[in-house]
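Everything numeric here is computed off the predicted structure, so don't read it as measured data.
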Amino acid sequence: MILRIEVAEQANIAFPESRIDSVSATSFQDQLVELIGRSDNVVVDCADVEYVSSAGLRALLVAAKSAQTKGVKFAVCSLKSHVKEIFTVSGFDNMVQIHPDRETALA
């Protein structure tokens, strides 16, 4: 997965696309951790994500823990309802800040 990054005044925003699954999770995780290493605030905008597997959740958790260790703000936003349900059922919504949209995540 090639992660599109947008540099905003308040944060670096990562835009994953389509699926975060066993095929793409390692690359996704590596790119997020690298972004966290050079940021003060990272927002993952999931507006174009259709599916997240357990491997994708693990990648996000590793990134969130990396951010926490480095004192970097980390949030996820713009989850589609069926993807948000995966986060809720897995309890992931208690581990990472989740916002309804990018504007809220950047506030």
Side-chain angles (χ1 to χ4, degrees):
M1 168 184 290
I2 297 174
L3 195 59
R4 184 170 63 89
I5 306 296
E6 180 181 303
V7 179
E9 187 174 317
Q10 307 95 324
N12 286 322
I13 305 166
F15 296 90
E17 294 180 355
S18 187
R19 299 171 61 89
I20 308 172
D21 56 19
S22 60
V23 173
S24 62
T26 301
S27 172
F28 175 65
Q29 176 184 314
D30 292 346
Q31 291 176 76
L32 271 183
V33 169
E34 191 275 327
L35 181 63
I36 288 164
R38 56 184 169 91
S39 304
D40 294 326
N41 188 2
V42 173
V43 173
V44 182
D45 187 326
C46 294
D48 293 329
V49 174
E50 296 295 332
Y51 174 76
V52 178
S53 72
S54 59
L57 289 174
R58 181 187 178 285
L60 281 165
L61 184 59
V62 168
K65 286 187 177 192
S66 175
Q68 183 179 26
T69 299
K70 294 175 176 153
V72 173
K73 293 180 183 177
F74 184 83
V76 175
C77 70
S78 306
L79 296 171
K80 294 183 179 183
S81 61
H82 59 281
V83 174
K84 185 174 183 180
E85 185 176 341
I86 294 168
F87 278 63
T88 303
V89 168
S90 66
F92 201 77
D93 58 340
N94 295 317
M95 296 181 238
V96 173
Q97 284 189 349
I98 298 175
H99 298 279
D101 53 47
R102 190 178 339 152
E103 291 75 25
T104 307
L106 293 173

Leu57 versus Phe92, closest heavy-atom pair with distance: O-CE1, 3.4 Å
With clusters defined by side-chain heavy atoms of hydrophobic residues (ILVMFWY) lying less than 4.5 Å apart, directly or transitively, does Leu106 cluster with Ile98? no
Kindly work out whether a path of hydrophobic side-chain contacts (I/L/V/M/F/W/Y, heavy atoms less than 4.5 Å apart) joins Leu61 to Leu35. yes
Would you indicate whether Asp40, at its atom CG, is surrounded by more than 12 heavy atoms from other residues, nucleotides or ligands within a distance under 6.0 Å? no
In the single-linkage hydrophobic clustering (I, L, V, M, F, W, Y; side-chain heavy atoms under 4.5 Å), do Ile13 and Phe74 co-cluster? no
Over all atoms of both residues, closest heavy-atom pair of Arg102 and Glu6: NH1-OE2, 3.8 Å
Is there a path of hydrophobic side-chain contacts, each under 4.5 Å between heavy atoms, that joins Leu60 and Phe15? no
Would you find a donor on one side and an acceptor on the other, under 3.5 Å apart, between the side chain of Ser66 and the backbone of Val62? no
Check the side chains of Ser81 and Glu85 for a donor-acceptor pair under 3.5 angstrom, ignoring hydrogens and angles. no
Heavy-atom pair of closest approach, residues Cys46 and Leu79: CB-CD2, 3.6 Å
Tell me whether the count of non-hydrogen atoms from other residues, nucleotides or ligands lying under 6.0 Å of CD in Gln68 goes above 12. no
Beyond-backbone contact of Cys77 with Asp101, side-chain heavy atoms, under 4.5 angstrom: no
Inter-residue atom distance Lys84.NZ - Asp93.CG, 0.5 Å rounding: 8.0 Å
Got a second to check how far Arg58's CZ is from Phe28's CZ, nearest 0.5 Å? 13.0 Å
Under a single-linkage definition using a 4.5 Å side-chain heavy-atom cutoff for Ile, Leu, Val, Met, Phe, Trp and Tyr, are Val96 and Leu3 assigned to the same hydrophobic cluster? yes
When you look at NZ of Lys80, are more than 12 heavy atoms from neighbouring residues, nucleotides or ligands closer to it than 6.0 Å? yes
Between CG of Leu32 and CG of Asn12, what distance do you get to the nearest 0.5 Å? 11.0 Å
As an exercise, state the distance from OG of Ser24 to CD of Glu17, rounded to the nearest 0.5 Å. 11.0 Å
Closest contact, heavy atoms only, Ile20 versus Gly56: CG2-CA, 3.4 Å
State the CD1-CD distance between Ile5 and Glu34, to the nearest 0.5 angstrom. 8.0 Å
Kindly compute the distance separating CG (Asp48) from CD (Glu50), expressed to the nearest 0.5 Å. 8.0 Å
Return the minimal non-hydrogen interatomic distance between Asp21 and Ser53, and the atom names on each side. CA-OG, 3.2 Å
